[in-house]
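One structure is given here, and the rest of the page talks about it.
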Amino acid sequence: MLLRRLSGLLAAGIAPQLTPAWAHDGPASDHAPIAPASGDTLSVVGPWELTGLEPSRGGYMFTRMEVVQTLLDADDQGRLLPALASDWEVSQDGLEWRFFITQGKLFHDGTPLTAGTVLVSLQRALATPGVLRLARISSIGAARGAIVVTLAQPYAPLPYLFTHSGTQVLAPASYGANGRVLRIIGSGPYKITSIALPQQFDVAYFNGWRGEPPAVRRARYISVSRAETRTLMVQSGQADLAFSLDPPSIRRLLRQPNVQLVAAPLPRTTFLKLNAGHPLLADVRVRRAISLALDRDGIARALLRDADLAATQLFPPAMALWHQPNMAPLRSDPAAARALLRQAGYLPGPDGIAQRDGKRLALTLTTFVDRPELPLIATAVQEELRQIGIAIKVVVGNSSDIPAGHRSGALEIALVARNFGNLPDPVATLADDYGVHGGDWGAMGWHSPSVSAALARLSGGAPAGNTQAAQLRGTIAGELQQGLPVIPIVWYRQTMAVSRRVSGVSIDPFERSYRLSSITWQAPA
């Protein structure tokens, strides 16, 4: 019944009403008139605001628009590729890495790109909270045209850390006297021509680029929070690429002759992050009851219109090395869920909500609108848990509420979409999420010694393709399936709306780049 009701709302283009964490309907910029995309400027719209110039905050947008570069890149299979570093090597003891800087490149202000100028950004990244903290780095220096990284202990995923936008390289003139980023001067094929935080920035082709000149010479990114607004923009010709669309918008665009849809599976899973240290969630039987209550197939069909996205485990098939096809899948069984609650001492109260020692099993679920499907899924979860006797209050806020709630300990349940492709090799991400103290987007109040040990072995250099590494990955997946510090609901398929005036558009599975330099203009019919 619930999923039929949600399907009807979606078909009508109506979103269920949830409790918002703000007092307004959205940024004024969503309602301000925006000029149609001009003939020589490619316009990109997405929900992500430019929260600042710091690489650790808004840097990912500057890598996506190909303004800045990192030491290394990755192909669609997650294999490392040269970028600012043409080659790299590691000492026999695994404690010293050398990344040899490509010769002849320039920053957008004409400054030569050398090991010395690259070092400025990397030393700053090391001193700032970010992915480099995942490795025990003793020092970063420069010697004979190479960046030299010295470790306190071996860390096999180190090169992958240098694909992350938080380690992007800016020209020394980007920084003020106090070390803050004042301007974005990168070395990619496009340079910044104007920027207006938090909504928009424009880029143009950099004539000093050593690669092949792109067909797209000018581009613009605009932050638009509402999915329906982004849809209207690409439908009306105000945008060429539109990201993060909701299911009603996708169905509407299928009927538009001037728009095409490009889709690809991504290594991302939408799941419930549980505070396993909370008195109502500490018992694994309660966490398993929550999992059994979820109709993943129904949510995937009704809300995402794609039954293949129902998550049977944390790691999706897009993560070929980590997905465990032989592992017993997560399933839906409300009767078994209610039985587990009874075993845990919870009995139905007069209002149907389970109680133990006079305390109702009532919790708050926090989610956010950056991913337009999340509030819809939250509504389904709320109703499905009510049916087994768990009362859920849904609060829709900002994505920053999740790490803030984790650190303060106030978070109870969060509905999030976790990108395991944040780094092309997920070991570092998983070590951060499921280490001893958990992580902002991973475990909370839960720790597994066997998971920590397996991640430590993989981080220490277990070869990616050998049998032992596969066994370690299986151990991690199995422990997470049993302990359920997070409860998978659906996997993810990125769908992008594309104007038919361009071609050559593709989706980066690791969301590092919009690949503007590969796009060409479509000849008029």
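What you are looking at is a predicted structure, and each value in this text was computed from that prediction instead of being measured. Residue numbers count from 1 along this sequence.
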Closest non-hydrogen atoms of Val498 and Val505, given as atom of the first, atom of the second and distance, are CG1-CG2, 3.7 Å
Are Asp109 and Thr111 close enough that a side-chain donor and a side-chain acceptor fall under 3.5 Å?
-> yes
Are the charged groups of Asp440 and Arg407 less than 4.0 angstrom apart, N to O?
-> yes
Is the side chain of His437 donor-acceptor paired with the backbone N or O of Met444 at a distance under 3.5 Å, no angle test?
-> no
Ignoring hydrogens and geometry, is there a side-chain-to-backbone donor-acceptor pair from Thr366 to Ala414 under 3.5 Å?
-> no
Gap separating the OG1 atom of Thr467 from the CG atom of Leu472, nearest 0.5 angstrom = 11.0 Å
Pairs meeting criterion ring pair (Phe, Tyr, Trp, His ring centres under 6.0 Å) with involvement of residues 124-153, two or more places apart | none
Heavy-atom nearest pair, Pro55 first then Leu170, reads CG-CD1, 4.5 Å
Full working for side chain to side chain contact (heavy atoms under 4.5 Å, CB included) between Trp521 and Leu42 = CA-CA 9 Å; Trp521 297 109; Leu42 185 136; 4.0 Å; yes
Residue pairs meeting salt bridge (Lys or Arg N to Asp or Glu O under 4.0 Å), one or both in residues 512-523, sequence neighbours left out, come to Asp73-Arg512, Asp76-Arg515, Asp508-Arg515
Closest approach of Leu516 to Ala219 (non-hydrogen atoms, all atoms of both residues) = CD1-CB, 3.8 Å
Measuring from Thr367:OG1 to Leu376:CG, what's the distance to the nearest 0.5 Å?
-> 10.0 Å
Test ring-ring contact (aromatic ring centres under 6.0 Å, His included) applied to His164 - qualifying residues, sequence neighbours left out | none
Does any donor atom in the side chain of Thr63 or Ser165 lie under 3.5 Å from an acceptor atom in the other side chain?
-> no
Mind checking whether Leu72 and Leu81 have side chains closer than 4.5 Å, heavy atoms only?
-> no
Hey, is the main chain of Gly478 close enough, under 3.5 Å, to the side chain of Gln324 for a donor-acceptor pair?
-> no
Please round to the nearest 0.5 Å and tell me the distance separating atom CH2 of Trp446 and atom OH of Tyr434.
-> 8.0 Å
Identify the heavy atoms of Ala310 and Ala300 that sit nearest to each other, and give their distance.
-> N-CB, 3.7 Å
Pairs in or reaching into residues 479-489: which pass salt bridge (Lys or Arg N to Asp or Glu O under 4.0 Å), with residues at least two apart or in two chains?
-> none
Just list the side-chain donor-acceptor pairs under 3.5 Å for residues 147-154, sequence neighbours left out, or say none.
unit_1: Gln153; atom_1: OE1; unit_2: Arg136; atom_2: NH1; d: 3.0

Kindly write out the residues that satisfy ring-ring contact (aromatic ring centres under 6.0 Å, His included) with Phe100, not counting sequence neighbours, or none if the list is empty.
-> none
Go through the steps for Gln481 and Met327 under the test side chain to side chain contact (heavy atoms under 4.5 Å, CB included), then give the verdict.
-> CA-CA 9 Å; Gln481 191 93 328; Met327 186 164 63; 3.8 Å; yes
Could you list all the ring pair (Phe, Tyr, Trp, His ring centres under 6.0 Å) pairs where at least one residue sits in residues 170-195, not counting sequence neighbours?
-> none
Taking all atoms of both residues into account, what is the closest heavy-atom pair of Pro112 and Leu106, and its distance?
-> CA-CD2, 3.9 Å
May I ask you to decide whether Lys191 forms a salt bridge with Glu66, counting only side-chain N to carboxylate O separations under 4.0 Å?
-> no
With sequence neighbours excluded, tell me which residues meet ring-ring contact (aromatic ring centres under 6.0 Å, His included) with Trp97.
-> none
Min side-chain heavy-atom separation Pro375-Val369 under 4.5 Å | yes
Does any donor atom in the side chain of Ser187 or Gln69 lie under 3.5 Å from an acceptor atom in the other side chain?
-> yes
Side chain of Asp306, backbone of Asp308: donor and acceptor closer than 3.5 Å?
-> yes
Donor-acceptor pair between Thr429 and Asp432 side chains, under 3.5 angstrom | no
Inter-residue atom distance Ile489.CD1 - Leu330.CG, 0.5 Å rounding | 10.5 Å
Apply side-chain hydrogen bond (donor to acceptor under 3.5 Å, both in side chains) to the pair Ser91 and Asp93, showing each step before the final yes or no.
-> CA-CA 5 Å; Ser91 62; Asp93 62 5; 2.6 Å; yes
Does anything in residues 197-214 pair up under salt bridge (Lys or Arg N to Asp or Glu O under 4.0 Å), and if so which pairs, sequence neighbours excluded?
-> Asp202-Arg220
Does a donor on one side chain sit under 3.5 Å from an acceptor on the other, for Thr70 and Thr167?
-> no
If you measure only the distance, is there a donor-acceptor pair under 3.5 Å linking the side chains of Arg457 and Thr475?
-> no
For the residue pair Leu132 and Leu126, what are the closest heavy atoms and their distance?
-> CD1-N, 3.8 Å
For residues 473-515, pull every pair meeting ring pair (Phe, Tyr, Trp, His ring centres under 6.0 Å), keeping only residues two or more places apart or in separate chains.
-> Phe243-Tyr514, His323-Trp491
Determine whether Asp240 and Arg501 make a side-chain contact, defined as any pair of heavy atoms from C-beta on separated by less than 4.5 Å.
-> yes
Just jot down the ring-ring contact (aromatic ring centres under 6.0 Å, His included) partners of Phe162, sequence neighbours excluded, or say none.
-> Phe99
Ring pair (Phe, Tyr, Trp, His ring centres under 6.0 Å) partners of residues 53-85, not counting sequence neighbours, each pair once = Phe62-Phe201
Value rounded to 0.5 Å, distance of CG in Leu430 from CZ in Arg418 = 8.5 Å
Would you give the length of the straight line joining atom CG of Leu321 to atom CE of Met319, rounded to the nearest 0.5 angstrom?
-> 9.0 Å
Side chain to side chain contact (heavy atoms under 4.5 Å, CB included) evaluation trace for Arg268 with Arg371 | CA-CA 12 Å; Arg268 176 186 286 126; Arg371 301 284 171 189; 2.6 Å; yes
